[in-house]
Amino acid sequence: MGCSGSKSTKDNVANKQNDISKLPTQWVGTWGTAPQLVEPNNMPPKPGLTNNTLRQIVRVSIGGDSIRLRFNNEFSKSPVTMKAVQIAVSKDSSVIDVATIKELTFNGNTEVTMQPNDVMTSDPIAFKLAPRMDIAITIYFGETSPDVTGHPGSRTTSYIYEGNKIAEENFNNAVKTEHWYVINGIDVKAPEEANAVVILGNSITDGRGSGTNKQNRWPDMLSERFLKNPATQQIGVLNMGIGGNAVLKGGLGPTALNRFDRDVLKQHGVKWLIILEGVNDLGGTRSSEAANMVADGLIAAYGKMIEEAHSQNIIVYGATILPIDKSFYYQDYRETARQKVNDWIRNSGKFDAVIDFDKAMSDPENPSVILPNAHTGDFLHPNELGYALMAESIDLKLFE
């Protein structure tokens, strides 16, 4: 009896694996960052990128066994040549598991040149990607551009080594910098029921105030909550926050309206969008009249983004703007405008649901001020506890 039971178990497992291999699959974003023109003070430190090797660490959300990577030269005025690109499991800081190294190709070639304004996607590659795994992306560059496309607010250490060190196990003696350059996104082959949520935001989504190399921005912690909940385990989280970003005009990086197509609509497998943006627009106003006009502009912009997302069957959640009282942005007229915008987010009925971060993060004793233990000291940016509270305040039923 024992023997036949064991055989039938093996047959069941084999049948299950065959069934899994037949499941329809699709590309879904598991990691992403919003590219921008890197400002002069955030450029790669010496020895620079040209003819040198850069190792960058990212933490994905969902896993799979086949992936492809996206690289971006959108804001550079000159071509960027990547002579070789490898991925591997990141073990600790700059150390990789050399047994997991895979070389990327682009239309079958290991070397690729991105022209100005170019975005390049690698050929799909078999790679055992576990949920929330740290991946090292190592690039040996040829000629690069004097102006660089990247993402300054990585909150993650990158490593630059002189010359070609692409397969080196340990980059601990490399020059360190807390910025990402040219990397843009990772898609994973996922089951048909898998989807992604894109989070469009500013520094509060980008993670200012989170811990360096801790990957504990609020979108990271939302991803961890998803993975612990059986009904949401197949949801990728794409953090499209840019520090200093604005919705309408000014700010750092392209405005939310200008980057909406790239950062939201063109992502893969997106089912949901969370919009948490507008405080930098309000913070730049100089009068009551200007603040009121910006509030109206934000409301119109949210409406436009909702409409465009809905046209692609994306569900849109509006997140209220966090408290600003006592911060460097505070003026009575800006607070009035913030309340007007938040009132519209909560009560207009235009969003498919509301994530009330303002309520979750405000001091019950003084609701226009952020919780005293949940900010970095500037009464604007959450700290690590604040980001945990934001993630915890989200009802996972919105994604089930």
Side-chain angles (χ1 to χ4, degrees), residues 31-58 67-88 90 93-94 96 101-123 125 135-186 206 242-244 252-254 259 262-263:
W31 175 83
T33 194
Q36 63 188 97
L37 179 66
V38 175
E39 316 93 276
N41 57 326
N42 291 323
M43 291 291 280
K46 286 181 177 173
L49 300 182
T50 295
N51 298 323
N52 296 323
T53 310
L54 171 68
R55 177 165 291 166
Q56 305 178 92
I57 315 299
V58 304
I67 64 175
R68 63 185 186 188
L69 279 73
R70 194 164 58 255
F71 301 84
N72 195 300
N73 196 36
E74 190 178 338
F75 299 97
S76 313
K77 293 191 176 74
S78 307
V80 169
T81 296
M82 299 189 293
K83 286 183 170 290
V85 185
Q86 288 183 354
I87 55 170
S90 171
S93 61
S94 75
I96 60 168
I101 290 175
K102 289 282 180 86
E103 187 157 41
L104 297 188
T105 58
F106 302 83
N107 295 322
N109 302 308
T110 53
E111 180 173 323
V112 67
T113 296
M114 295 189 286
Q115 296 303 323
N117 207 30
D118 243 6
V119 178
M120 280 284 187
T121 301
S122 73
D123 301 325
I125 191 166
I135 296 295
I137 305 163
T138 308
I139 306 168
Y140 171 46
F141 289 97
E143 284 298 315
T144 64
S145 179
D147 48 3
V148 179
T149 298
H151 188 89
S154 67
R155 272 105 210 160
T156 307
T157 307
S158 298
Y159 306 85
I160 302 173
Y161 231 132
E162 218 163 341
N164 181 3
K165 298 285 198 306
I166 187 127
E168 201 90 359
E169 181 179 11
N170 184 328
F171 267 44
N172 281 349
N173 293 326
V175 174
K176 297 176 179 66
T177 181
E178 278 177 39
H179 308 297
W180 285 319
Y181 303 108
V182 310
I183 56 174
N184 187 184
I186 301 176
D206 202 21
I242 292 180
L252 292 176
R259 65 192 181 95
R262 179 197 72 192
D263 289 349

_Spatial distance of atom CH2 (Trp31) from atom CD1 (Ile186) [nearest 0.5 Å]_ = 6.0 Å
*Val38 versus Met43, closest heavy-atom pair with distance*: CG1-N, 3.8 Å
*Check: His179 main-chain N/O paired with Ser158 side-chain donor or acceptor under 3.5 Å*: yes
_Can a donor-acceptor pair be found, under 3.5 Å and without considering hydrogens, that links the side chain of Asn107 to the backbone of Asn109?_
no
*Got a second to check how far Leu54's CG is from Ile137's CD1, nearest 0.5 Å?*
9.5 Å
*Aromatic ring pairing Phe171/Tyr161, orientation class (parallel under 30°, perpendicular over 60°, tilted between)*: perpendicular
*What closest approach, in Å, do Asp147 and Phe75 show between heavy atoms, and which atom pair accounts for it?*
OD2-O, 4.0 Å
_Check: Ser122 side chain, Leu69 main-chain N or O, donor-acceptor pair, under 3.5 Å_ = yes
_Atom pair CG (Asn72) and OH (Tyr181), whose distance is rounded to the nearest 0.5 Å_ = 15.0 Å
*side-chain contact (heavy atoms from CB on, under 4.5 Å) between Tyr159 and Lys176: does it pass, once the steps are laid out?*
CA-CA 5 Å; Tyr159 306 85; Lys176 297 176 179 66; 3.9 Å; yes
_Minimum heavy-atom distance between Ser76 and Ser145, given as atom pair plus value_ = CB-OG, 3.5 Å
*asked:* I'd like to know whether Thr105 forms a side chain to side chain donor-acceptor pair (under 3.5 Å) with Asp123, so could you lay out the CA-CA distance, the side-chain angles of the two residues, the decisive distance to 0.1 Å, and finally the verdict.
replied: CA-CA 6 Å; Thr105 58; Asp123 301 325; 2.6 Å; yes
*Please examine the side chains of Val85 and Phe106, heavy atoms only from C-beta on, and report whether any two atoms are closer than 4.5 Å.*
yes
*asked:* Using 0.5 Å steps for rounding, measure from the CD1 atom of Ile139 to the CE atom of Met82.
replied: 5.5 Å
_Reported CD1-to-CH2 distance for the pair Ile57 and Trp180, which is rounded to 0.5 angstrom_ = 10.5 Å
Please list, one pair per line, the donor and acceptor atoms closer than 3.5 Å that link side chains of residues 46-53 to other protein atoms, with sequence neighbours excluded.
from  : atom 1 : to     : atom 2 : distance (Å)
Thr50 : OG1    : Thr144 : N      : 3.2
Thr50 : OG1    : Thr144 : OG1    : 2.6
Asn52 : OD1    : Gly163 : N      : 2.8
Asn52 : ND2    : Pro47  : O      : 3.2
Asn52 : ND2    : Gly48  : O      : 3.0
Asn52 : ND2    : Thr50  : O      : 3.3
Thr53 : OG1    : Gly163 : O      : 2.5
Thr53 : OG1    : Lys165 : N      : 2.9

*If you measure from the Lys or Arg side-chain nitrogens to the Asp or Glu carboxylate oxygens, is any gap between Glu74 and Arg262 under 4.0 Å?*
yes
_Side-chain heavy-atom pair Ile160, Pro45 within 4.5 angstrom cut-off_ = yes
*Among Asn173, Thr138, Asn172, which one satisfies side chain to side chain donor-acceptor pair (under 3.5 Å) with Ser94?*
Asn172
*Just by distance, do the side chain of Asp206 and the backbone of Gly243 share a donor-acceptor pair under 3.5 Å?*
yes
_Show the nearest heavy-atom pair for residues Ala167 and Ile101, with the distance to one decimal._
O-CD1, 4.2 Å
*asked:* Strictly distance-based, threshold 3.5 Å: is any side-chain N or O of Asn73 a donor or acceptor partner for the main-chain N or O of Gln115?
replied: yes
*Any idea which heavy atoms bring Ile242 and Pro35 closest together, and the distance?*
CD1-O, 4.3 Å
_Heavy-atom pair of closest approach, residues Ser90 and Ile135_ = CB-C, 4.1 Å
*For Arg55 and Glu168, indicate whether the former's side chain and the latter's backbone hold a donor-acceptor pair under 3.5 Å.*
yes
*asked:* Between Ile96 and Gln86, does the side-chain contact (heavy atoms from CB on, under 4.5 Å) criterion hold? Intermediate values first, please.
replied: CA-CA 11 Å; Ile96 60 168; Gln86 288 183 354; 5.7 Å; no
_Arg155 side chain vs Gly153 backbone, donor-acceptor pair below 3.5 Å_ = yes
*Rounded distance (nearest 0.5 Å) linking atom NZ of Lys77 with atom CG of Asn117*: 11.5 Å
*asked:* Here's a test for you: under side chain to side chain contact (heavy atoms under 4.5 Å, CB included), which of Thr177, Ile183, Thr157 qualifies with Gln56?
replied: Ile183
